[in-house]
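Contents: one structure, followed by commentary.
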2 protein chains.
Amino acid sequence: MVNSQEYFINLALEKAWAYQGLTYPNPPVGAVITDNQNNFISYGVHKKAGTPHAEVNAIKQAFYNITKDEEILKLESSNEIHDYLHAKHKGIFEDKNIYVTLEPCNHFGKTPPCSQLIAKLGFNRIVIGALDTNRKASGGFEYLKKNGLHVEVLDQYTCKELLEPFSTWQKEPFVFFKLAMSNNGVIDGGVITCKKSHELVHKLRDRCDLLVIGGNTVRIDRPILDARLCDGKAPDILIYSKSKEFDKDIPLFNMPNRKVFIAANFDKVKEYKFVMIEGGEGMLKATKSLTKHYLIFRSPNFKEGNSPQFSHKLKELYSSIVGEDRLTWFKQLDG
Amino acid sequence: MVNSQEYFINLALEKAWAYQGLTYPNPPVGAVITDNQNNFISYGVHKKAGTPHAEVNAIKQAFYNITKDEEILKLESSNEIHDYLHAKHKGIFEDKNIYVTLEPCNHFGKTPPCSQLIAKLGFNRIVIGALDTNRKASGGFEYLKKNGLHVEVLDQYTCKELLEPFSTWQKEPFVFFKLAMSNNGVIDGGVITCKKSHELVHKLRDRCDLLVIGGNTVRIDRPILDARLCDGKAPDILIYSKSKEFDKDIPLFNMPNRKVFIAANFDKVKEYKFVMIEGGEGMLKATKSLTKHYLIFRSPNFKEGNSPQFSHKLKELYSSIVGEDRLTWFKQLDG
């Protein structure tokens, strides 16, 4: 059934997952707004640190969908959107519901607090997927309750799963393995996935602070490992290699503002918070104990070549189409 | 945006795809009912030949959702549901919209015509994804128009793609390849996918009229290839093999009401309408020119073993979770 609480929190979750990793150091968050009979009005997601939160994007879109006032669509910053809504809302949100995967923030960070905006607009019901247990932005639930709003916390497992990368990088490195495969698991022999997949990988490179790669890949592919497809930054690199001998003309060594480490272990990872591993069979095996999450870009095409000889129990967390390919986040079930 | 025509026809499509193959010899069809402001009320799908059509299932569920009259939920046959609705509808559908992926049927087959039911209930708007171009059940569009209803035909490409198997088996064999793989493409070394996937394969075996399998698989696995997990029928079997020598104690040879053919070619396929191929690398290669559709059950787990050396350009048509696995329908793009 649609028109149910479960449907809308899951819709918010699904929208948030599409930005997993891209919001670093912030959590991915999704929000959905409905009327008081739970008819869908709008959704919003947090897309990147420093840009509006999911609640603000959802409220902005709902305001437009209800009023058809195009002025609000021109506003990009949270401050402007907050101010505009404060001035113009005329109580239209008082009979609306908002579903949000994470407790609304309650502090002035890069953006004003969502809890105050929601209280000011006076929503009919606020449904929160999971409380924010580990950061200074928490307290939104208490604030909303104190202000007399009807707030519910679902404490939903899937909302906590969405937050696992965020919860991890708050205290230790969050490490994920990015793998590109053909439909039948082939990972070698040239380009496998489509341009849209490559663009998303570049966005993840731009956001992550360390990229881990195998020495053989560096020697054979002579990569640059930058984020040029999104005009992003080139992350620091750890080359996993027993030998420290590399041709320093390989482009990755010659990027400004990048550190490159070469080591036969992964100790360097501990100094970073958001770490992406790229590679094949050798790296899958070498990093198995380090890696809880896998991000797989899979082409629809069959291809001749080698698939990685690797054994691991995983669970699917989220999947969606990216161009011609399918992107899927997995989490390990082993040990 | 939700609350749009595109959203609801795509929702109907998605629901219908989950029964692809299972409706043989009927087409898979999905239907969605909304109110006149396009708020979702219900959906319905056609699940199996001889059971109610998608429109009837959607209308039955909508009737219950609106009236809370539990009597209708007890009715299983189309005739009973039609009669109950005729007697009790009280005009509640006159301001409702119905979205259906295929033109409503217009003839008395195993069930009464959906076009007459829709006309009688007097829907506000009827949106049809694709016309029924090739069977005696067509004419629903004309019938509805003649009866003064507001009917739109989208002629949507994706609705025609849903119908491709049905359009094919109307005139020639529809052949698809079913493959089970680990996350990294491994297809050998014992059971790969979960129980729910196996149950669905058994349903497909029950519905298909010929199952094609390689001689080596028969010799090594000594399978029964029946549909016991759904109490279904054991389909006829074509064993693709140069040698006609088989141990006739292999269980598949000893099923009642089953024909087993052994041949070094696929000529037998021409005598059937709905043909499933099961196998690995050898069969993928041998049946490449015969097969336009691939149904892949993929486990989330990595596994050591062999992935098929096979090259083919495909396009994803539909994907969903089945138990722990992911099921995906693909269509060839080559030649």
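Every value quoted in this text rests on a predicted model; they were computed, and no experiment measured them. Residue numbering restarts at 1 for every chain, and letters A, B, ... go by the order of the sequence lines.
- Both the backbone and the side chain of Asn183(A) come within less than 4.5 Å of a heavy atom in chain B.
- For Pro308(A) against Asn184(B), the heavy-atom pair with the smallest separation is O-ND2, 2.8 Å.
- Note that CG of Asn39(A) and CG of Asn38(B) are 10.5 Å apart. Values are rounded to the nearest 0.5 Å.
- Atom CZ of residue Phe310(A) and atom OG of residue Ser182(B) lie 11.5 Å apart, to the nearest 0.5 angstrom.
- The structure places NZ of Lys315(A) at 12.5 Å from CG of Asn301(B), a figure rounded to the nearest 0.5 Å.
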Problem set entry | Step-by-step side-chain contact (heavy atoms from CB on, under 4.5 Å) determination, Arg298(A) to Arg298(B) | CA-CA 12 Å; Arg298(A) 190 183 319 270; Arg298(B) 192 185 315 272; 3.4 Å; yes

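- Applying the 6.0 Å contact sphere to NZ of Lys47(A) captures no more than 12 heavy atoms from other residues, nucleotides or ligands.
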For this session: With side-chain contact (heavy atoms from CB on, under 4.5 Å) as the test, would you mind laying out the steps for Glu304(A) and Ser311(B) before giving the verdict?
Result: CA-CA 6 Å; Glu304(A) 294 185 30; Ser311(B) 174; 4.0 Å; yes

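- Within a 6.0 Å sphere centred on CD of Glu324(B), heavy atoms belonging to other residues, nucleotides or ligands number 12 at most.
- Atom NZ in Lys303(A) sits 11.0 Å away from atom OG in Ser307(B) (nearest 0.5 Å).
- Of all non-hydrogen atoms in Phe302(B) and Met181(A), the two that sit nearest each other are CZ-CE, 3.7 Å.
- Taking 4.0 Å as the cut-off between side-chain N and carboxylate O, Glu316(B) and Arg326(A) count as a salt-bridged pair.
- Heavy-atom distances place the side chain of Phe330(A), and not its backbone, under 4.5 Å from chain B.
- Summarising the local packing, OH of Tyr19(A) is surrounded by 12 or fewer heavy atoms from other residues, nucleotides or ligands at distances under 6.0 Å.
- The neighbour count for Lys331(A) NZ, taken as heavy atoms of other residues, nucleotides or ligands under 6.0 Å away, is above 12.
- Neither the backbone nor the side chain of Ile187(A) comes within contact range of chain B, judged by heavy atoms closer than 4.5 Å.
- Under a cut-off of 6.0 angstrom, the local environment of CD in Glu6(B) is sparse, with at most 12 non-hydrogen atoms contributed by other residues, nucleotides or ligands.
- Atom NZ of Lys285(A) is surrounded by more than 12 heavy atoms from other residues, nucleotides or ligands within 6.0 Å.
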